[in-house]
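All figures in this text were calculated on a predicted structure; none of them were measured in a lab. In what follows, every heavy atom counts, from backbone to side chain, and hydrogens, waters and symmetry copies are set aside. Starting from 1, each residue takes its place in the sequence as its number. First listed ligand is number 1; within each ligand, the first listed atom is number 1.
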Amino acid sequence: MCGIVGYIGNKKAVPVLINGLLSLEYRGYDSAGIAVLNQSNNEYDLKVVKDKGRVKNLEANPELDTLLGTTGIAHTRWATHGMPSKENSHPHLDNSKKFAVVHNGIIENYVELRKILQDNGYTLYSETDTEVIPNLIHMNYNGNILEAVSKTMKLLKGSYAIEVISPLFPDKIIVAKKDSPLVVGIGKNENYVASDIPAVLAHTNNFYFLDEQEIAVVEKDSIKFYDINLKEVKKDIKNIEWDAESSEKNGFEDYMLKEIYEQPQAIRETIGSRLSLDEKVNLELGNIDFTKFDKIYIVACGTAMHAGIAAKYSLEKFCKIPTEVDMASEFRYRNPLVNEHTLCIFISQSGETADTIAALRLAKEAGATTISVVNVIGSSITRLSDYTIYTHAGPEIAVASTKAYTCQVTLLNILAIYIAEALGYNSEELNKFKVDLLELPDKVKDVLETMEQVKDFAEKVYTQKDLYFIGRGLDYAVSMEGSLKLKEISYIHSEAYAAGELKHGPIALIEKGTTVIGVATSPITTEKTLSNLEESITRGANVLVVTNQNIKNGKIDLMIHIPGTNPYLSPVLSVIPLQLFAYYIAKNKKLDVDKPRNLAKSVTVE
Ligand code: AGP
């Protein structure tokens with residue numbers, strides 16, 4: 001995800017900004033840039049140096065030596081709109097070159113705002129959503145920057161944390177935020193701004209936290225806060241005593257836990273402006289003629305493939321096209337029946353998985369239309385596919401995938417609606433499905449509240465050698481993902497079974513003390529799954545159940561209740577206790593959850 005740093009004081013700004021950006025490098029980025037107000041006599045001049053690549057490259061850029069001022073803003077960009085390039089890097093300037101802006105987040109209505117600006121004679125030079133912001137500030141500026149920022153905020157839909165500097169108010173950095181973090185660090189005769197505490201922790205432990213839709217005016221010896229209507233707001237200083245390591249993880253012990261907790265926001269970004277109640281789904285898919293497809297293949301590996309299994313159900317239900325899910329490593333060698341009537345959907349967090357790339361090449365050669373669901377902008381799979389839709393989950397650093405999975409399932413369901421609408425299937429059920437999708441981020445937040453219960457259960461069973469996950473239909477799809485998570489980071493042998501299959505063999509493995517985890521969210525199959533769990537309980541198993549149904553069974557050791565949702569979306573919620581379960585088992589075993597043995601984040605070999 002992008003990083004923001006700002007400095008105003010008596011020191012040269014560049015070294016403070018560069019150090020701040022370096023301390024945010026762990027978050028992943030593709031471009032970096034700085035804007036500084038240079039002073040000569042009483043004249044101020046805005047200077048920008050930016051490019052794609054590492055902060056080290058920026059530091060080595062000789063142009064940086066010309067940035068001498070003591071007020072500046074800086075940014076590391078993780079591309080969301082437009083490929084990594086100099087033009088798309090931040091800071092962005094308005095057409096008059098008077099306002100420099102850095103931005104984290106996604107402006108969902110940027111297409112509409114670009115149009116408004118163009119109609120008013122503005123030219124936009126980048127492909128970004130961000131460039132609308134400095135230009136809107138310019139358009140709204142009548143000598144009062146606070147009014148201009150407030151008016152601009154009222155036009156923006158989506159998420160943002162922004163910093164603005166200008167020679168028109170050289171003693172100030174104006175910052176504002178909505179749904180994207182921003183803090184102001186307090187110094188002596190100097191102040192700091194950052195998207196993340198680690199960026200300025202070397203200078204201060206005292207912070208103000210901006211709340212939603214607040215603006216701050218940061219000067220070297222004063223900081224004032226306002227709401228979006230410019231009413232002044234009083235804030236308390238928070239003292240943060242983090243060490244360098246935990247600060248990189250925003251206070252979480254591990255990246256995996258941080259990423260599990262990022263899921264409500266990540267899913268919100270995935271939904272973004274693609275989905276609204278009164279309009280058709282909006283995806284960047286050109287003019288595909290979906291009537292020509294008689295078959296859909298979903299192809300991916302590992303967790304991404306599990307997301308595909310979870311999405312097959314809604315694709316078949318709403319689009320009425322038979323859908324098969326394949327492991328990329330199998331698909332590529334099994335002569336699949338692919339032709340110009342086949343739609344192939346590839347899913348990958350990294351966009352670099354060798355097996356998925358090979359399967360994609362094969363599908364293209366056979367004449368299929370290819371759509372990829374990818375997290376990393378500009379990665380190999382996005383360059384090879386006919387069409388790409390991005391998950392916008394933000395960088396995932398832990399090897400065990402968590403937020404990428406829930407964002408993939410969310411986006412694939414949005415794709416299912418898109419295809420259904422393109423095929424002319426509009427129904428009440430589809431509208432209701434949209435409502436349920438929009439409610440997901442808040443429900444994910446609620447599921448995270450189950451953390452303590454899961455933690456206690458994990459403490460009881462972490463010494464086990466074998467563990468089983470069971471469920472039916474979509475609950476089976478989630479069981480597979482829960483089992484994979486556990487294997488990856490806890491090194492405990494585990495299997496996922498379709499609950500109805502248990503009695504056809506695997507039940508022979510159940511004995512006194514074996515742990516069986518049941519996922520039961522479907523009103524149609526919950527009773528059946530419960531019977532299968534009973535069979536395990538009878539043989540002495542410890543049983544944990546994740547459910548949104550009203551289950552009355554005193555023999556279950558722990559029941560994790562999650563909110564109800566549309567059955568097709570239940571994997572997004574029911575997987576979270578399983579992610580937490582794997583995490584706490586591994587923690588109890590004192591393992592490195594972020595870098596499990598033998599595994600790599602991006603599997604670029606066959
Ligand atoms: C997930 O926890 C795993 N690390 C792994 O299964 C992963 O999902 C798989 O290798 C696919 O990676 P991709 O999404 O980057 O293509």
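- Electrostatic pairing of K403 and E262 counts as a salt bridge here, judged by a charged N lying under 4.0 Å from a carboxylate O.
- The nearest protein atom to atom 15 (O) of ligand 1, hydrogens excluded, is given as S350 OG, 2.6 Å; this is a heavy-atom distance.
- For ligand 1, the atoms sitting less than 4.0 Å from at least one non-hydrogen atom of S401 are 1 (C), 2 (O), numbered in the order shown with element in parentheses.
- Closest protein heavy atom to atom 10 (O) of ligand 1: V603 CG2, 3.8 Å.
- Distance alone, capped at 3.5 Å, is enough to place a donor-acceptor pair between the S570 side chain and the P567 backbone.
- Taken to the nearest 0.5 Å, the CD1 atom of I560 stands 13.5 Å off from the CG atom of L573.
- Considering every non-hydrogen atom in both T406 and V572, the closest pair reads CG2-O, 3.6 Å.
- The pair K434-E421 meets the salt-bridge criterion, since a charged nitrogen lies less than 4.0 angstrom from a carboxylate oxygen.
- Between D326 and R332 there is no salt bridge, since no side-chain nitrogen of the basic residue lies less than 4.0 Å from a carboxylate oxygen of the acidic one.
- Residue contacts with ligand 1, taken as heavy atom pairs separated by less than 4.0 Å, involve T303 via backbone and side-chain atoms alike.
- The proximity of E488 to ligand 1, defined as any non-hydrogen pair under 4.0 Å, is limited to the side chain.
- Counting heavy atoms closer than 4.0 Å to ligand 1, residue K485 contributes side-chain atoms (C-beta onward) but none from N, CA, C or O.
- Taking distance alone, with nitrogen or oxygen atoms compared against 3.5 Å, Q408 stays at or beyond that limit from ligand 1.
- Closest protein heavy atom to atom 16 (O) of ligand 1: T353 OG1, 2.4 Å.
- Side-chain contact between L257 and Y584 is present, with at least one heavy-atom pair separated by less than 4.5 Å.
- At a 4.0 Å cut-off, at least one heavy atom of V399 sits close enough to ligand 1 to count as contact.
- The heavy atom nearest to atom 11 (C) of ligand 1, considering only P596, S348, C301, is found in C301.
- Residue-ligand proximity, A304 to ligand 1, at heavy-atom distances under 4.0 Å covers atoms 8 (O), 14 (O).
- Nearest protein heavy-atom contact of atom 14 (O) of ligand 1 is Q349 N, 2.6 Å.
- For the side chain to side chain contact (heavy atoms under 4.5 Å, CB included) test with I397, the passing option among E259, K595, K249 is E259; the others fail.
- Look at E316 and K320 and you find no salt bridge, because none of the NZ, NE, NH1 or NH2 atoms lies under 4.0 Å from a carboxylate O.
- Of all atoms in ligand 1, numbered sequentially from 1 with element shown, those under 4.0 Å from a heavy atom of A400 are 2 (O).
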